[in-house]
Amino acid sequence: WASTNGGATWTEETTPSQPVWFGGWFVNASDGWAVGAAGTIVATTSGGTTWTAQTSGSTQQLSAIDCVSTTQCWVVGAAGAILTTANGGTTWTAQTSGTTQLLNEVSCVSATQCWADGAAGVILVTANGGTTWTAETSGTTQELYGVSCVSTTQCWAAGGAGVILVTGNGGTTWTAQTSGTTDALYAIQCFSATACWAGGNAGVIVATANGTTWAAQTSGTTYDIWGFECLSALNCYAVGSNGTGAAGYLRETTNVGSTW
């Protein structure tokens, strides 16, 4: 689905196949990718007017994608799958993650520096574009569903049982923060080092305005929240479903989450 008027209206788009979609990424208004079940990757250079299938070389569930340019992207997925492209997806190459755990999310701050996280508290980092990935000590065995990095040193991760972790040294150490919820947090996005939102089970949203303390916000829904997109420290969108995928929804805030 796409909107060109800030979400006032949405139009369904047609892709070459219809798998379960798990992640997507746009680097501008025209160039984007979506990833999903059975190694599916599709791309658009027309803002979604047309989508083209790309060959991933994988049959694994692909959970998430992050791109730092129109040519450079990383994808993560089941069984520790990590794929990368340096030509916009004309070719995708597998990288060695060093884990067989499900990877749920990836966050890249440059063409060399990325983090990925997933099941059993796994956090991986690369400082050389994925030539090598190294495990970091998260301090939790909870499944981590989201990671969001705002610099080469500052990242947050969120996951099961309300877990939120932060690093200020590139992942050398990760420290738990108090989220104020025991609900699973399926998504997290930080617009800056002081403005972050996390959301998850039954519509729970927590936010921080200082990078340290988190407070609950009223989402206005009991649907699970699976993703955020923040355009500024004031304006964010949250997307989710009723848990079965049979119904979806979108919430927006233009006042830092005071209302959604």
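Keep in mind that this is a model prediction, so the values were computed, not measured.
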Do you know which two heavy atoms are closest between Thr253 and Asn235, and how far apart they sit? O-ND2, 2.9 Å

Sorted by chain and residue number, the side chain to side chain contact (heavy atoms under 4.5 Å, CB included) partners of Thr99 (sequence neighbours excluded) come out as Ser97, Gln101, Leu103, Val122, Leu124

I'd like to check the side chain to side chain donor-acceptor pair (under 3.5 Å) partners of Ser69; sequence neighbours left out, ordered by chain and number. Thr71

pair Leu250-Trp1: side-chain heavy atoms closer than 4.5 Å: no

Please lay out, stage by stage, how Glu105 and Asp66 fare under the test side chain to side chain contact (heavy atoms under 4.5 Å, CB included). CA-CA 9 Å; Glu105 187 60 274; Asp66 194 0; 5.9 Å; no

What pair of heavy atoms forms the shortest contact from Gln154 to Ala193, and how long is it? CG-CB, 4.4 Å

Give the ring-plane orientation class for Trp226 versus Tyr186, where under 30° counts as parallel, over 60° as perpendicular and anything between as tilted. parallel

Show your reasoning for whether side chain to side chain contact (heavy atoms under 4.5 Å, CB included) applies to Thr85 and Trp74. CA-CA 7 Å; Thr85 181; Trp74 285 264; over 6 Å; no

Do Phe22 and Val20 have side-chain heavy atoms sitting under 4.5 Å apart? yes

Is it true that the SG atoms of Cys190 and Cys149 are less than 2.5 Å apart? no

Nearest 0.5 Å please: distance from the CZ atom of Phe191 over to the CG atom of Leu231. 8.0 Å

Residue pair Cys155 / Thr167, side-chain heavy-atom distance below 4.5 Å: yes

Check whether any side-chain heavy atom of Leu144 sits under 4.5 Å from a side-chain heavy atom of Val147, and report yes or no. no

Heavy-atom pair with the smallest gap, counting every atom of Ala202 and Asp224: N-OD1, 2.8 Å

Side chain to side chain contact (heavy atoms under 4.5 Å, CB included) assessment of Thr70 paired with Asn28: CA-CA 8 Å; Thr70 57; Asn28 55 43; 3.8 Å; yes

Is the shortest heavy-atom distance from the side chain of Glu143 to the side chain of Val163 under 4.5 Å? no

Between Ser110 and Thr112, do the side chains contain an N or O donor and an N or O acceptor separated by less than 3.5 Å? yes

Side-chain contact, heavy-atom cut-off 4.5 Å: Leu83 with Leu62? yes

Just wondering, do Val206 and Ile164 contact through their side chains at under 4.5 Å, heavy atoms? yes

Under a 3.5 Å cutoff, is there a donor and acceptor pairing between the side chains of Trp174 and Glu136? yes

Kindly indicate, with the supporting measurements, whether the criterion side chain to side chain contact (heavy atoms under 4.5 Å, CB included) is fulfilled by Cys196 and Trp214. CA-CA 9 Å; Cys196 301; Trp214 293 80; 3.5 Å; yes

Asn210 (side chain) donor-acceptor with Thr213 (main chain) under 3.5 angstrom: yes

Is there side-chain contact between Val125 and Gln113, with at least one heavy-atom pair below 4.5 Å? yes

Does the side chain of Gln177 pick up a donor-acceptor pair with the side chain of Trp156 at under 3.5 Å? yes

Do you see a donor-acceptor pair shorter than 3.5 Å between the side chains of Tyr237 and Glu252? yes

Taking Thr126 for the side chain and Thr132 for the main chain, is one N or O donor matched with an acceptor at less than 3.5 Å? yes

Below 2.5 Å, is that where the SG pair of Cys230 and Cys236 sits? yes

Just do the disulfide bond (SG atoms under 2.5 Å apart) check on Cys73 and Cys67 with the steps written out, would you? CA-CA 4 Å; Cys73 304; Cys67 302; 2.1 Å; yes

Is the backbone N or O of Gly121 less than 3.5 Å from a side-chain atom of Asp117, with the two atoms forming a donor-acceptor pair by type? no

Could you check whether Glu12 and Thr14, counting side-chain N and O atoms only, form a donor-acceptor pair closer than 3.5 Å? no

